[in-house]
There are 2 protein chains.
Amino acid sequence: MSQGITIGNVSSASGVKVPTIRYYEQIGLLPSPPRTEGNRRSYDATDLERLTFIRHSRELGFEIDEIRTLLSLQDQPNVSCEEADQIASKHLVDVKQKIASLTALQHELERMVEGCSHGRVETCKVIDILADHGKCRFHADHPPHL
Amino acid sequence: MSQGITIGNVSSASGVKVPTIRYYEQIGLLPSPPRTEGNRRSYDATDLERLTFIRHSRELGFEIDEIRTLLSLQDQPNVSCEEADQIASKHLVDVKQKIASLTALQHELERMVEGCSHGRVETCKVIDILADHGKCRFHADHPPHL
DNA sequence: CGTACATCCTCTAGTGACTAGAGGAGCAAG
DNA sequence: CTTGCTCCTCTAGTCACTAGAGGATGTACG
């Protein structure tokens, strides 16, 4: 059926860049495909699906290790999906926290920019607020790796 | 006035970890402090302020290079604060985008988790949505390094 | 058939902002 | 005086890629 797809084609079809595909192979996220006579990687439709799955999961902010688990779950359709549910739920909690944190930050930045006198640094709210922690209403619980 | 503060004390006072302080010195974000006889770093109140400024800026999501600019602005109070204003404004735009993106993501995750049959993987929405891009309402314009 | 050019290969090293650990020296309290 | 904490330097690791060197292969056109 599926004759070989080149890495370039599987890349544009999946939206994952060529070096990233090779990287995924290197870390064992994507199986090593067979090679042609000329040593080029030769992918099939399953690989394309898998790559799309990965790209989509990455877009949704899942980490590589989480994707590894999700992929292995996908390969075993008879297993309970509790684990997948847990991963997604945990992720949802994280996302909600980040939104809350970023919303607070947004207000803080608005306060800074609106308060800016557009004059000299001496009277600038932006610098002022950053320098004096007490004047700030935003306090991150988790230092944001957002 | 200010006799030397140890790195440990300046760390707990500022909320920046000890190795991170040394790292900031290494990349030139924090000036190298004088040393004691025993070769320990000896900080003063100004360093503590600077570190607090840095930590606060990092919490607000500014990058090191942006902080470098903000710090140099702080050192020259007679300069126009336009640049600081621009940095904060640009950052505000980014933050708003991130919030929008994360909110879409949140809905997508909720859809996944709510739709989960709590049964076998075969019928699990979580896996399903990740696998089939067409069923997904969330499409990131900028792959989220959030 | 030749030649240009795109695409592919492997490999190493770099990014940002730290974090972890090894191996050793100084210092304060009991 | 010894125990244990803090400090020192240095190297290497983290995550998820990205960039570039240097070379092989495949394809389109004249």
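In what follows, chains carry the letters A, B, and so on, assigned in the order in which the sequence lines appear, proteins first and then strands, with residues in each chain numbered from 1. In this text the structure is predicted, and so the values were computed from the model without any measurement.
The side chain of Arg41(A) lies closest to dT10(C) when the candidates are dC18(C), dT10(C), dA16(D). Closest to the side chain of Glu63(A), from the set dA16(D), dC18(C), dT18(D), is dA16(D). Listed candidates were dC7(D), dC17(D), dC18(C). Nearest to the side chain of Ile64(A) is dC17(D). Considering only the side chain of Val18(A), dC8(C) comes nearest among dC7(D), dC8(C), dC17(D). Of the candidates dC8(D), dC18(C), dT10(C), dC18(C) carries the atom nearest the Tyr24(B) side chain, counting heavy atoms from C-beta on.
Neither OP1 nor OP2 of dC17(D) sits under 4.0 Å from any side-chain N or O of Lys17(A).
Straight-line distance from the OH atom of Tyr43(B) to the P atom of dC7(D): 10 Å, rounded to whole Å. Note: OH (Tyr23(B)) to C1' (dT9(D)) measures 17 Å, nearest angstrom.
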**Fill in**
Readout for nucleotides 23-30 of chain C: B = base within 4.0 Å of protein heavy atom, S = sugar-phosphate only, - = neither; 5' to 3' it is --BBS---

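Side-chain contact between Glu114(A) and Lys125(A) is absent, with no heavy-atom pair separated by less than 4.5 Å.
Comment: Arg58(A) does not engage Glu66(A) in a salt bridge, judged by the lack of any side-chain N to carboxylate O separation of less than 4.0 angstrom.
Near DNA chain C, defined here as any heavy-atom distance below 4.0 Å, there are no residues from residues 6-15 of chain B.
Within the structure, ring pair (Phe, Tyr, Trp, His ring centres under 6.0 Å) pairs that include any residue of residues 62-94 of chain B comprise Phe62(B)-His91(B) (at least two apart or interchain).
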